[in-house]
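Working notes, structure below.
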Amino acid sequence: MDFFDQIAEVFSLMCSNQQLQLLGVTILYVAMSIITLIMYGLDKAAARKRESRISERTLLLCGLACGWPGAMLAQKIFRHKTIKPSFRLAFAGTVICNCIAIGMLFFWS
């Protein structure tokens, strides 16, 4: 039994399977939100300097990959990506997809 198996066994004794899923999803959302927030900040800085930018597609994919809470926070902090209707609509789609996926994971399983 290796180190990671031992950690998994300890967690399985302490928590139920659903609690472990919730912990994993929470860690994923926090990590991706931080990464996405930083990416929005870097993109805003590049926009101000008229330098090479992070593509909207990349920002949307980060939001889709559980980073949308960080993206929402970044939009408020940096006032970035808040006007263009096509981006806002696509961003709303990523939020809806994530909410549906979480609902399916925890409530319809």
Side-chain angles (χ1 to χ4, degrees):
M1 183 179 288
D2 69 350
F3 177 71
F4 293 109
D5 289 336
Q6 291 173 347
I7 290 174
E9 185 176 342
V10 169
F11 274 112
S12 68
L13 293 173
M14 292 175 14
C15 306
S16 72
N17 193 29
Q18 191 168 24
Q19 288 172 324
L20 285 175
Q21 282 180 335
L22 181 60
L23 177 64
V25 168
T26 301
I27 291 169
L28 177 64
Y29 268 84
V30 169
M32 283 306 301
S33 290
I34 291 168
I35 291 167
T36 305
L37 182 122
I38 291 168
M39 290 181 71
Y40 270 72
L42 292 172
D43 188 51
K44 180 66 174 194
R48 286 182 177 160
K49 295 177 184 178
R50 299 190 186 273
E51 293 178 350
S52 180
R53 306 270 308 273
I54 298 171
S55 72
E56 287 185 352
R57 181 180 181 181
T58 300
L59 294 175
L60 288 169
L61 286 173
C62 285
L64 184 62
C66 303
W68 65 266
M72 290 181 79
L73 183 60
Q75 289 173 4
K76 296 285 184 193
I77 292 172
F78 304 121
R79 297 181 188 191
H80 190 51
K81 298 292 182 189
T82 58
I83 295 173
K84 190 174 179 183
S86 61
F87 184 86
R88 290 177 56 138
L89 182 62
F91 178 73
T94 67
V95 174
I96 291 167
C97 286
N98 268 264
C99 291
I100 290 170
I102 289 296
M104 290 174 65
L105 178 67
F106 288 106
F107 301 109
W108 291 296
S109 57

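The chain is numbered in sequence order, starting from 1. Quantities reported herein were computed from a predicted structural model and do not represent experimental measurements.
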Atom CZ of R48 and atom NE2 of H80: how far apart are they, to the nearest 0.5 Å? 9.5 Å

Minimum heavy-atom distance G70-L37, with the two atoms named: O-CD1, 3.7 Å

In terms of hydrophobic clusters joined by side-chain contacts under 4.5 Å, are V30 and M72 together? yes

Heavy-atom nearest pair, A46 first then S52, reads CB-O, 3.4 Å

Single-linkage hydrophobic cluster, 4.5 Å side-chain cutoff, L64 and V25 together: no

May I ask you to test the Y40-K81 pair for a side-chain heavy-atom distance under 4.5 Å? yes

Shortest non-hydrogen contact from K44 toward F78: CE-O, 3.4 Å

Heavy-atom donor-acceptor pair, R88 side chain to T82 backbone, under 3.5 Å: yes

Got L59 and T36 here, is their nearest side-chain heavy-atom distance under 4.5 Å? no

Quick check: do T58 and D43 have side-chain heavy atoms less than 4.5 Å from each other? no

Treat each ILVMFWY residue as a node, draw an edge where side-chain heavy atoms are under 4.5 Å apart, and state whether I96 and L61 are in one component. no

d(I100 CD1, L105 CG) to nearest 0.5 Å is 13.5 Å

A side-chain contact here means heavy atoms from C-beta on lying under 4.5 Å apart; do W68 and C99 qualify? yes

Shortest non-hydrogen contact from C66 to P69? O-CD, 3.7 Å

Heavy-atom pair with the smallest gap, counting every atom of I102 and Y29: CG1-OH, 3.5 Å

Are I34 and V95 linked, directly or through intermediate hydrophobic residues, by side-chain heavy-atom contacts shorter than 4.5 Å (ILVMFWY only)? yes

Nearest heavy-atom pair of N98 and G63: which atoms, and what distance? ND2-O, 3.6 Å

Could you tell me if the side chain of I35 sits less than 4.5 Å from the side chain of M32, heavy atoms only? yes

